[in-house]
Every structure is written in structure tokens, then in C-alpha cells.
Amino acid sequence: LFGACSSHWRAANPPPDPRAWAAIEDPGERTETALRELYAFYGRTEGMYTSLLRDEPLVPIVHRLLGDFYGYLRAIQDILMAGRGLRGHGARRTRAAIGHALAFPTWRSLCREQGLADGEAVALMCVLVEGTAAARSRSGIAASRAGP
């Protein structure tokens with residue numbers, strides 16, 4: 001029954017298709033487009049994702065089904081990393097910034113708890129991602145010296 005209900009809900013609420021984003025050459029524009037569409041999806045599906053994330057540690061089938069969604073988000077990360085020409089620590093930091101920007105809890109924090117509109121949240125996360133991508137390795141050296 002749970003599986004049938006989940007399938008019905010997913011069919012009625014498909015997430016954005018990231019394949020269209022892959023065709024956008026400019027990484028910044030690609031990130032903005034992806035976040036705008038993903039945040040609109042989160043706004044439409046907020047109640048369900050709030051419940052799923054709440055239940056994930058307690059209900060094994062929810063944990064399994066969310067694994068598919070996390071795979072979807074990792075695929076988006078790959079699309080948003082493409083063409084940035086980053087390696088090493090810079091690539092790792094930028095991938096982390098993109099992952100943070102894509103996460104439902106990030107959207108919920110910015111838009112529900114902090115009161116930003118979706119467009120403001122998208123702009124803020126684009127600044128984070130692009131700023132991280134532009135940061136030089138010197139900031140990584142300073143961070144490693146600071147310790148945990």
C-alpha cells in the first residue's frame with residue numbers, strides 16, 4: 001500500500017528534469033536555473049518532504065525511497081559541476097556548496113524559517129556556489145590551519 005501511494009504521489013508530483021539543465025553552457029546560469037526549478041518543486045511538495053525527512057530514520061521503506069531522491073540530487077550535482085574546470089580542494093568545496101544549495105532542508109531554512117522568497121534564496125545560494133568556485137586555494141590553506 002505504501003509503495004502504491006508513493007508511486008501515485010511521485011507520478012502526480014514529478015521533480016524537474018535535470019537533462020535540460022545540462023544543455024546550459026554557463027555554469028552560473030545552469031545553477032540558477034536548476035535551483036529556481038528545484039525550489040519551486042520544493043514549495044509545491046513541502047508537506048510531503050517534511051514528513052518524509054522526519055520519518056526517514058524511523059521507517060526503513062522511507063529511508064530506501066529517499067535513497068532514490070538523494071541519487072537524483074547527486075546527479076544534479078554532477079550536472080552543476082560540469083564545465084567549472086575545478087580540481088582538488090576547490091572542486092570538493094564547490095561540490096559541497098552545490099549539495100548544500102540543492103538540499104530540501106536548505107530551502108526550508110531559507111524560505112520558511114528565514115522568510116526569503118524563492119528567488120532570494122536562489123540568488124543567495126548562487127552567490128555561495130559561485131563564490132566558492134572562485135575562491136583560491138589560499139582559503140583552503142587558511143581553513144586547514146584553523147583546525148576543527
With sequence neighbours excluded, residues passing salt bridge (Lys or Arg N to Asp or Glu O under 4.0 Å) with Arg54: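 Counting only residues at least two positions away or on another chain, Arg54 forms no salt bridge (Lys or Arg N to Asp or Glu O under 4.0 Å).
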
Donor on one side chain, acceptor on other, Arg112 and Thr50, under 3.5 Å: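 No pair is found: no donor N or O on one side chain lies under 3.5 Å from an acceptor on the other.
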
ring-ring contact (aromatic ring centres under 6.0 Å, His included) against Tyr72, all qualifying residues, sequence neighbours excluded: Phe69

Residue pairs passing the salt bridge (Lys or Arg N to Asp or Glu O under 4.0 Å) test where at least one lies in residues 18-29, sequence neighbours excluded: Asp17-Arg19

Contacts under 3.5 angstrom, residues 99-106 side chains, donor-acceptor by atom type, not counting sequence neighbours:
from, atom 1, to, atom 2, distance (Å)
His100, ND1, Thr106, OG1, 3.3
Thr106, OG1, His100, O, 2.5

Common cluster, Leu110/Leu53, ILVMFWY with side-chain heavy-atom separation under 4.5 Å: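 Same cluster: Leu110 reaches Leu53 through Ile, Leu, Val, Met, Phe, Trp or Tyr contacts under 4.5 Å.
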
Sequence-distant partners of Asp78, side chain to side chain donor-acceptor pair (under 3.5 Å), two or more places apart: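 Arg95.
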
Nearest heavy atoms of [X] and [Y], plus distance in Å:
{"X": "Ile98", "Y": "Met81", "value": "CD1-SD, 3.6 Å"}
{"X": "Pro27", "Y": "Ala82", "value": "CG-O, 4.1 Å"}
{"X": "Ala34", "Y": "Leu80", "value": "CB-CD2, 3.9 Å"}

Interatomic distance, Thr132 atom OG1 to Leu86 atom CG [nearest 0.5 angstrom]: 10.0 Å

Non-hydrogen side-chain atoms of Leu66 and Val62 separated by less than 4.5 Å: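 Yes, their side chains come closer than 4.5 Å.
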
Close side-chain approach of Arg30 to Ile79, heavy-atom, < 4.5 Å: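 Sidechains of Ile79 and Arg30: in contact.
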
Trace of the side chain to side chain contact (heavy atoms under 4.5 Å, CB included) decision for Tyr49 with Arg108: CA-CA 10 Å; Tyr49 278 100; Arg108 186 167 168 83; over 6 Å; no

Side chain to side chain donor-acceptor pair (under 3.5 Å) contacts in which one or both residues fall within residues 113-126, not counting sequence neighbours: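 Those involving residues 113-126 are Trp107-Asp118.
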
